[in-house]
Amino acid sequence: MTEWWLLYLVLGAFAGFFAGLLGIGGGSVMVPLLVMVFSAQQFPAGEVMHLALGTSMAAILFTSISSVRAHHQHGAVQWPIVARITPGILLGTLLGTELASRIPAAWLAVLFTVFIFYVAVQMIVGFKPKPSREMPGVLGTGLVGLGIGAFSCLVAIGGGVLSVPFMAWCNVRMQHAIGTSAAIGFPIAFGGAAGYIFNGWHVAGLPQHSLGFVYLPALVGLVAASVLTAPLGASLAHRLPVRQLKRIFAGVLLLLAVKMLWGLLAS
């Protein structure tokens, strides 16, 4: 069991650092690795993915708190945006947990991969939005939140992969987009974790110490490390030039897209 704890700690440290640096929840890193670890632990094959998704969402809940505190100290969280987008986020996460078993994963992966490539290329070439573009009003922001919440819950990401490019497109400063995205990750993770706990509550055959589809020993290890490294990533985000920060973000997006494309080809 000791070696599994070490793996959870290493994974949590890595995910926490990038959560703070880029405003992403870390699910894109945690989910595939948790699938590998849970499979190696011989968890029920039919529930490994659900356990990885649920545990990742629960871990993001704690990581986002640590990350947003650090960004708030730098004055980088746009709380009015958070307030406008949160109702849509919460509704979207509930919708996402319901759709998780209904939509073919391949369709989602294809759409997501194309979108990620598009956003990453725009950031690498230095695409600049129209100077007059601003964040939409309450209704528009709420609808965007609905989409971000639903998709984030389906693939267990904190939402930064979608919300940071959207806010940058609306001329929100990159550091502020990242800080605000960290705050947006909390309602995404809250709704998603609650959904996975509820949907897995009466599932038979789950490993011991599971709370629905959340595996508690892995959650403790992930959180213990991530809450320490998230502030380190947030601090670095406010010392890097905007252009360099965009390129780092774009690089992470491309790696994520390649990973999903590889999974599609492998299947």
Side-chain angles (χ1 to χ4, degrees), residues 1-41 43 47-73 77 89-90 93 97 149 152-153 155-161 178-179 181-201 206-237 252:
M1 188 63 187
T2 301
E3 60 188 30
W4 302 123
W5 275 102
L6 290 174
L7 283 173
Y8 296 144
L9 288 171
V10 171
L11 176 55
F14 184 74
F17 178 78
F18 277 97
L21 178 66
L22 302 175
I24 59 177
S28 57
V29 176
M30 284 189 277
V31 171
L33 294 180
L34 283 176
V35 168
M36 294 173 59
V37 174
F38 289 166
S39 297
Q41 290 182 262
F43 288 175
E47 306 299 345
V48 163
M49 178 57 74
H50 291 106
L51 285 165
L53 291 168
T55 304
S56 176
M57 292 302 291
I60 292 170
L61 184 64
F62 294 92
T63 302
S64 67
I65 295 174
S66 179
S67 178
V68 76
R69 285 182 61 189
H71 283 291
H72 177 69
Q73 291 174 351
V77 181
I89 290 285
L90 291 173
T93 55
T97 55
S152 297
C153 197
V155 295
I157 58 177
V161 171
I178 289 173
S181 175
I184 291 171
F186 182 83
I188 292 176
F190 179 82
Y196 280 110
I197 291 173
F198 176 79
N199 290 326
W201 192 261
L206 294 178
Q208 190 178 10
H209 308 305
S210 292
L211 185 65
F213 286 127
V214 176
Y215 183 55
L216 296 178
L219 175 63
V220 171
L222 292 169
V223 170
S226 65
V227 297
L228 297 177
T229 56
L232 299 177
S235 178
L236 180 60
V252 171

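Computed from a prediction, not measured in an experiment: that's the story for all the values here. Any value given below was found using the heavy atoms of this structure, including those in side chains, with hydrogens, waters and symmetry copies removed.
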Kindly give the heavy-atom pair with the smallest separation between [X] and [Y], and that separation in Å.
X    : Y    : result
V48  : F43  : CG2-O, 3.9 Å
G200 : L206 : O-CD1, 3.5 Å
T55  : A218 : CG2-CB, 4.0 Å
F213 : E47  : CE2-OE1, 3.3 Å
L9   : A224 : CD2-CB, 4.1 Å
A59  : V223 : CA-CG2, 4.1 Å

*Apply side chain to side chain donor-acceptor pair (under 3.5 Å) to S39 and list each qualifying residue two or more places apart in sequence or on a separate chain.*
none
*Taking S64 for the side chain and L61 for the main chain, is one N or O donor matched with an acceptor at less than 3.5 Å?*
yes
*Between S235 (side chain) and P231 (backbone), is there a donor-acceptor pair under 3.5 Å?*
no
*Under the ring pair (Phe, Tyr, Trp, His ring centres under 6.0 Å) test, residues paired with F190 that sit two or more places apart*: none
Nearest-0.5 Å distance that lies between atom [atom1] in [X] and atom [atom2] in [Y]:
X    : Y    : atom1 : atom2 : result
H72  : S67  : NE2   : OG    : 13.0 Å
L219 : M57  : CG    : CE    : 12.5 Å
L11  : L222 : CG    : CG    : 5.0 Å

*Can you find a heavy atom in the side chain of W5 that is under 4.5 Å from one in the side chain of V220?*
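W5 reaches V220 side chain to side chain.
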*Does any non-hydrogen side-chain atom of V214 lie less than 4.5 Å from one of L216?*
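The answer is yes, as the side chains (C-beta and beyond) meet within the 4.5 Å cut-off.
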*Step by step, work out the side chain to side chain contact (heavy atoms under 4.5 Å, CB included) result for Y8 and Y215.*
CA-CA 11 Å; Y8 296 144; Y215 183 55; 3.7 Å; yes
*Kindly state each residue pair satisfying side chain to side chain donor-acceptor pair (under 3.5 Å) with at least one member in residues 218-232, sequence neighbours excluded.*
T63-S226
